[in-house]
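Quick note on labels: first sequence line is chain A, next is B, and so on, each numbered from 1.
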There are 2 protein chains.
Amino acid sequence: MDQPSRSAGTVRPGGRTARVRAAVLEATQDALVEHGFHALTMDQIAARAGVGKTTVYRRWGSPAGLVTDLMNEFANQSSPHADTGSVEGDLRANALMVMEALNDPRLGVTLQAVIAAATSDEQAALALRTFYLRRIDEWATVVELAVARGELPQGTHAEELIRAVSAPLYYRLVVTREPVTREVAEASVARALAAARAGAFVTAGDRSP
Amino acid sequence: MDQPSRSAGTVRPGGRTARVRAAVLEATQDALVEHGFHALTMDQIAARAGVGKTTVYRRWGSPAGLVTDLMNEFANQSSPHADTGSVEGDLRANALMVMEALNDPRLGVTLQAVIAAATSDEQAALALRTFYLRRIDEWATVVELAVARGELPQGTHAEELIRAVSAPLYYRLVVTREPVTREVAEASVARALAAARAGAFVTAGDRSP
DNA sequence: CGGCTAATGGAACAAGAGTTTCGATAATAT
DNA sequence: ATATTATCGAAACTCTTGTTCCATTAGCCG
């Protein structure tokens, strides 16, 4: 092999190279939507994108490499946290945003593909972790603001609360594979918030006097 | 194709057929542990199990079929719910059981493989859903008993509470891919319980007078 | 603009996955 | 025991996937 090279496409990234990447990522997403991750072959992507398959192998190396790049692309489109004035409103905004992402035909399928790829590909796993930790960090701000406003107990673990809001949605998506509805999203917010108000997100020995 | 036949192996399931199945499932699990789901090929499984590859194709059809059968095998080893005398003890037992399953080298890897397969294979998805809905149903009993004992509010949604205990563990396993530690399991129980005690698992308009 | 060379892509090749055929073997019924 | 036939498995086959080679194209820098 040419070493699934991280070097190709870095010296002259403009013009053609950029167009090739765009075409390949577009083709990858279409293929994912139509046939799912298991049917993602480098051959078909090359044909579909109208580029040489040599190029696809050289730059992405494997189907996992393709979905990883796709995820990194999403990671750049950051979505800033809400600011509705109350934790409840902010967390609901977060839950609904996640719900919509999971239900979006293209985005939802892509996320599932990356999750699948990450179970046996280290690069995909890293991209996934990085993406979500960044998101969690971004939204943790709404919890910190709520604590400052006195809406939640001092010492509430912000990141953990954000995780708790999303977790039931992802659980349904990938584990029980049940629909992720608005009711599910809102119930998740209500429960996470109830626990937070009861101080269950305050680390033991971390509560202010 | 021979139609990934559900019929082969059902008329004379004794003796050889059973031995072949055992050898193939064993080989599948070993291969999963060593190389992950993406490297699971029918060819290699056949060689490893010492059976003809024709047989593997005929009876399982695809890698997804293999992991699905593996999951169905686990489904038969039911694990009855705990009965420690308190909801807290029972839910903790559940969370620790899940944690251990996810961290078990063979079981954890297998679960992840099925989750990956389920993202693009309908049979795997069905097996996964069936397995977990049955588990949730089994453990929901501990919540119902707790309500009967007066430990939790009347009308607490038992299945939802069980889901809430597991969700953060699976979220870490497949989404953020962070370690699933004992602390994570115990924190999850504490939070779900706090929400339950606050009545957040009582469906609106379903609370007793 | 013109040279340098990164990057692409067609073609030929190699490797491996998936399929079909058919004779051998062994589970079950009587 | 013996007949019946479900199930298995070796081999030959086809098709797809993955790799290598090298000529062509087009970014980028002076």
### Query
Hey, is the side chain of B:Tyr57 poking within less than 4.0 Å of OP1 or OP2 on C:dT19, counting only N and O atoms?
no
### Query
Hey, which of A:Tyr170, A:Phe74, A:Trp139 is the one that makes ring-ring contact (aromatic ring centres under 6.0 Å, His included) with A:Tyr132?
A:Tyr170
### Task
Quick one, give me the B/S/- string for nucleotides 22-30 of chain C, reading 5' to 3', where B means a protein heavy atom under 4.0 Å from the base and S means that only happens at the primed atoms, P, OP1 or OP2.
---BBBS--
### Task
Round to a whole Å and report the spacing from NE2 of A:His38 to P of D:dT16.
15 Å
### Message
Do the side chains of B:Asp69 and B:Arg59 get close enough for a salt bridge, i.e. N-O under 4.0 angstrom?
### Response
no
### Message
Once rounded to the nearest 0.5 Å, what's the spacing between atom CG of A:Asn94 and atom CZ of A:Arg135?
### Response
8.5 Å
### Task
Could you verify whether a donor N or O on one side chain and an acceptor N or O on the other, from A:Ser86 and A:Glu88, lie under 3.5 Å apart?
no
### Exercise: identify the closest heavy-atom pair between B:Val174 and B:Arg177
O-CG, 3.9 Å
### Query
Atom CZ of A:Arg163 and atom CZ of A:Phe201: how far apart are they, to the nearest 0.5 Å?
10.5 Å
### Query
In Å, rounded to the nearest 0.5 Å, how long is the span from CD of A:Glu144 to NE2 of A:His157?
10.0 Å
### Task
Calculate, to the nearest 0.5 Å, the distance between atoms CG and CG belonging to B:Leu152 and B:Leu193 respectively.
6.5 Å
### Task
Mind checking A:Thr55 for me? I need base, sugar-phosphate or nothing, with any heavy atom below 4.0 Å counting as a touch.
base
### Message
If you compare all heavy atoms of B:Val109 against all heavy atoms of B:Leu32, which two are closest, and at what distance to 0.1 Å?
### Response
CG1-O, 3.5 Å
### Task
Specify the angle, to 10°, made by the local axes at the two ends of the helix from C:dC1-D:dG30 to C:dT30-D:dA1 when five pairs are taken at each end.
50°
### Task
Check the distance between D:dG18's P and A:Leu40's CG and give it to me in whole angstrom.
10 Å
### Task
Kindly check if the number of other-residue, nucleotide or ligand heavy atoms within 6.0 Å of CZ (B:Arg182) is above 12?
no
### Message
Which residues in residues 44-53 of chain A have a heavy atom closer than 4.0 Å to any atom of DNA chain C?
### Response
A:Val51, A:Gly52
### Query
Roughly, in whole Å, what's the span from CG in B:Asp43 to P in C:dT19?
11 Å
